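Inspection log for the structure reproduced underneath, given as structure tokens.
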Amino acid sequence: MAESAQVPKLVYLVTGGCGFLGEHIVRMLLEREPRLRELRVFDLHLSPWLEELKTGPVQVTAIQGDVTQAHEVAAAVAGSHVVIHTAGLVDVFGKASPKTIHKVNVQGTQNVIEACIRTGTQFLIYTSSMEVVGPNVKGHPFYRGNEDTPYEAVHRHPYPCSKALAEQLVLEANGRKVNGGQPLVTCALRPTGIYGEGHQVMRDFYNQGLRFGGRLFRAIPASVEHGRVYVGNVAWMHVLVARELEQRAALLGGQVYFCYDKSPYKSYEDFNMEFLGPCGLRLIGTHPLLPYWLLVLLATLNALLQWLLRPLVLYTPLLNPYTLAVANTTFTVSTNKAQRHFGYKPLFSWEESKARTIHWVQALEGSAW
Ligand SMILES: NC(=O)c1ccc[n+]([C@@H]2O[C@H](COP(=O)([O-])OP(=O)(O)OC[C@H]3O[C@@H](n4cnc5c(N)ncnc54)[C@H](O)[C@@H]3O)[C@@H](O)[C@H]2O)c1
Ligand SMILES: CC(C)[C@@H](O)CC[C@@H](C)[C@H]1CC[C@H]2[C@@H]3[C@H](O)C=C4C[C@@H](O)CC[C@]4(C)[C@H]3CC[C@]12C
């Protein structure tokens, strides 16, 4: 993508562009990528807000499609300069079958790669996840680690397994010749737990608190640190690395980068209270109110209930054996690789990220405030 400040001429494709992260990436590109001529938004479920974006100078093309369908992906990719592949099934609650998670997250990613190869698109950014690394099945903590920290990344759950396989496919595709003979340049970004406007799990916690009279009950020790990153900063990292990928292909190609900002290290529940507290909720207990063995029993019962009820209704509570294990295992990152490699600095401070998220929660229906 040779630099050309004169005429916006680049075509970007964002898969999953109507999702929680995807929407922020789409809006960030329109605000901060001056070289854009066309922005293609590819998603299984197109959102109504896309229409409001079509009145600006950049051509916004909404494409309803399925990443598991290779021909639909190829049609969307053809003619694009950059693909940001963020579409995926983010399911740790048992909503989708392991087979479906694999089909979307792995086969879908393979389809995106092959479409880039066949149609001559040179630059591919993949939204991976911290869970490619951990927490692992042994519950080993990952304490303020970085991209080079040794860690036994062993998974059994379909979601982290699918993200790890997809990331591997993307990184291995780096350097393959695309149609036209140029090399494909790929990289993977690994967000930790993303929070911010539109975060469904935060909404679920908020609604759970409303149901219990404004109270949430501590289940995880405050000492368990969980890495979190603001969605706007994750979106910004995607925009920035996409811009730098051509100029620094030799350095960035085939690399992984944790997504990070200045969000504080806290337990998952305490971190959520940074936003839910100012909206009227209280976290009851300075220590977990139930012993861990009882939480494991309740999580297991939830999994059993989910299995028994599946023919009748989809029962997907927040607490299951996997979410309990993840919540109960320290996983935080401390790195500056993205800054060293492509000059990334968080666009939003912790204070701004917090204020924006609180504002969003307060606007949710039935605010306790
Ligand atoms: N939310 C997090 O905390 C987090 C953390 C790390 C990484 N990630 C990754 O970021 C990406 C986006 O996650 P999110 O939280 O925005 O999830 P999300 O569910 O809000 O967004 C995913 C989008 O992908 C679309 N999609 C799903 N299946 C599709 C298919 N077959 N074809 C086309 N589109 C499809 C969905 O419609 C949705 O709009 C995912 O790849 C996820 O693994 C998320
Ligand atoms: C019911 C309690 C035990 C409660 O504390 C459970 C919280 C649990 C639902 C979340 C704790 C950690 C979250 C995950 C983490 O933030 C990272 C993720 C990676 C990303 O790629 C997808 C989302 C997630 C798996 C995220 C999901 C919710 C938690 C498990």
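Counting convention: from 1, in listed order, for ligands and their atoms alike. Here the structure is a predicted model, which means the values were calculated and not measured.
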Report yes or no: does Tyr159 have a heavy atom closer than 4.0 Å to ligand 1? yes
Ligand 2 contact by Phe331, heavy-atom criterion under 4.0 angstrom: no
With only distance considered, is Leu21 within less than 3.5 Å of ligand 1 through an N or O on each side? yes
In the structure I gave you, are the side-chain heavy atoms of Ser334 and Asn146 within less than 4.5 Å of one another anywhere? no
For Val104, counting its heavy atoms only, list the atoms of ligand 1 lying under 4.0 Å from any of them. 28 (N), 31 (N)
Considering only the protein, which heavy-atom contact is closest to atom 39 (O) of ligand 1, and what is its distance? Asp43 OD2, 2.6 Å
Whether over 12 other heavy atoms sit under 6.0 Å from Trp49 CH2: yes
Among all protein non-hydrogen atoms, which one is nearest to atom 4 (C) of ligand 1, and what is the separation to 0.1 Å? Ile194 CD1, 3.5 Å
Out of all atoms in ligand 1, which are within 4.0 Å of some heavy atom of Gly65? Include the element for each. 32 (N), 33 (C)
Residue, atom and distance of the protein heavy atom nearest atom 23 (C) of ligand 2 read Val90 CG1, 4.1 Å
Nearest protein heavy atom to atom 25 (C) of ligand 2, by residue and atom, and its distance? Glu131 OE1, 2.9 Å
Nearest-0.5 Å distance, OH of residue Tyr315 to CG of residue Leu309: 8.0 Å
Find all atoms of ligand 2 within a distance of less than 4.0 Å from any non-hydrogen atom belonging to Gly193, and give their numbers and elements. 16 (O)
re atom 14 (C) of ligand 2, the protein heavy-atom contact at minimum distance is Val326 CG1, 4.3 Å
Measure the acute angle between the ring planes of Phe258 and Phe331, then classify it against the limits of 30° and 60° as parallel, tilted or perpendicular. perpendicular
Strictly less than 4.0 Å: does any protein heavy-atom distance to atom 20 (C) of ligand 2 fall in that range? yes
Please list the nearest protein heavy atom to atom 31 (N) of ligand 1 with its residue and the distance rounded to 0.1 Å. Asp66 OD1, 2.8 Å
Do other residues, nucleotides or ligands put more than 12 heavy atoms under 6.0 Å from the CZ atom of Arg282? no
Taking 4.0 angstrom as the limit and counting only heavy atoms of Ser129, give me the atoms of ligand 2 inside it, by number and element. 19 (C), 20 (C), 21 (O)
Do the charged groups of Glu38 and Arg40 touch, with an N to O distance under 4.0 Å? yes
For atom 8 (N) of ligand 1, what is the nearest protein heavy atom, given as residue, atom name and distance? Ser128 O, 3.9 Å
Ligand 2-proximal atoms of Arg228, by part, heavy-atom distance under 4.0 Å: neither
With distance as the sole criterion, is a donor-acceptor pair present between the side chains of Thr121 and His81 under 3.5 Å? no
Got a sec: does the CZ of Arg118 have more than 12 other heavy atoms crowding it under 6.0 Å? no
The answer for which part of Arg190 has a heavy atom under 4.0 Å from ligand 1 is neither
Side-chain heavy atoms of Leu290 within contact of Leu298, under 4.5 Å: yes
In the protein, what heavy atom is nearest to atom 14 (P) of ligand 1, and what distance, to one decimal place, separates them? Val90 CG2, 4.0 Å
Angle between ring planes, Tyr195 versus Tyr230, binned at 30° and 60°: parallel, tilted or perpendicular? tilted
Quick test: of every protein heavy atom, which one is nearest to atom 22 (C) of ligand 1, and how far off is it to 0.1 Å? Gly88 O, 3.6 Å
Heavy-atom distances under 4.0 Å decide this one: backbone, side chain, both or neither, for Leu44 against ligand 1? both
Any side-chain heavy-atom pair of Met273 and Leu281 under 4.5 Å: yes
For atom 17 (C) of ligand 2, the closest protein heavy atom turns out to be Met130 SD, 4.0 Å
Taking the non-hydrogen atoms of Thr192, is any one of them nearer than 4.0 angstrom to ligand 1? yes
Nearest non-hydrogen protein atom, atom 32 (N) of ligand 1: Val67 N, 2.9 Å
Between Lys337 and Asp148, does at least one N-O distance fall below 4.0 Å, as a salt bridge requires? no
Which class fits the ring pair Phe342 and Tyr344: parallel under 30°, tilted 30 to 60°, perpendicular over 60°? tilted
For atom 27 (C) of ligand 2, what is the closest protein heavy atom, and at what distance to 0.1 Å? Val92 CG2, 3.9 Å
Heavy-atom side-chain proximity of Glu269 to His226 below 4.5 angstrom: no
Side-chain heavy-atom pair His341, Arg248 within 4.5 angstrom cut-off: no
Check: of Phe205, Phe271, Phe217, min heavy-atom distance to atom 7 (C) of ligand 2 comes from Phe205
Number the atoms of ligand 1 from 1 as they appear, then name those within less than 4.0 Å of a heavy atom of Gly16, with their elements. 23 (C), 24 (O)
For ligand 2 and Tyr159, I'd like to know whether there is a polar contact (N/O to N/O, distance under 3.5 Å). yes
Using a strict cut-off of less than 4.0 Å between a Lys/Arg side-chain nitrogen and an Asp/Glu carboxylate oxygen, indicate whether Lys262 and Glu351 qualify as a salt bridge. no
contact_flag Cys259 ligand 1 heavy-atom lt 4.0 Å: no
Validate the cation-pi geometry between Arg190 and Tyr257: distance from NZ or CZ to the six-membered ring centre under 6.0 Å, angle to the ring axis within 45°. no
Closest candidate by heavy atom, reference atom 15 (O) of ligand 1, pool Phe42, Phe20, Tyr126, Tyr195: Phe20
Could you check atom 40 (C) of ligand 1 against the protein and tell me its nearest heavy-atom contact, residue, atom and distance included? Thr86 O, 3.4 Å
Contact atoms of ligand 1, heavy-atom distance to Lys163 under 4.0 Å: 40 (C), 41 (O), 42 (C), 43 (O)
Thinking salt bridges, do Lys266 and Glu225 make one under a 4.0 Å N-O criterion? no
Inspect the contact between Glu114 and Arg176 and indicate whether a charged nitrogen and a carboxylate oxygen are less than 4.0 angstrom apart. yes
Return the closest protein heavy atom for atom 8 (C) of ligand 2 as residue, atom name and distance. Thr323 CB, 4.0 Å
Taking the side chain as every heavy atom from C-beta outward, state whether Leu216 and Gln208 have any pair of such atoms under 4.5 Å apart. yes
Atom 13 (C) of ligand 2 sits nearest the protein heavy atom Tyr268 CE1, 3.7 Å
Is Lys163 paired with Glu131 through a side-chain N to carboxylate O contact shorter than 4.0 Å? no
Can you list the ligand 1 atoms lying under 4.0 Å from a non-hydrogen atom of Cys18? 39 (O)
Can you name the atoms of ligand 1, numbered from 1 with element, that are less than 4.0 Å from a heavy atom of His45? 37 (O)
The atoms of ligand 1 lying under 4.0 Å from a heavy atom of Thr127, numbered in the order shown, are 9 (C), 10 (O), 11 (C), 41 (O)
of all protein heavy atoms, closest to atom 5 (O) of ligand 2 is Glu269 OE2, 3.4 Å
Does ligand 1 have any atom sitting under 4.0 Å from a heavy atom of Gly108? no
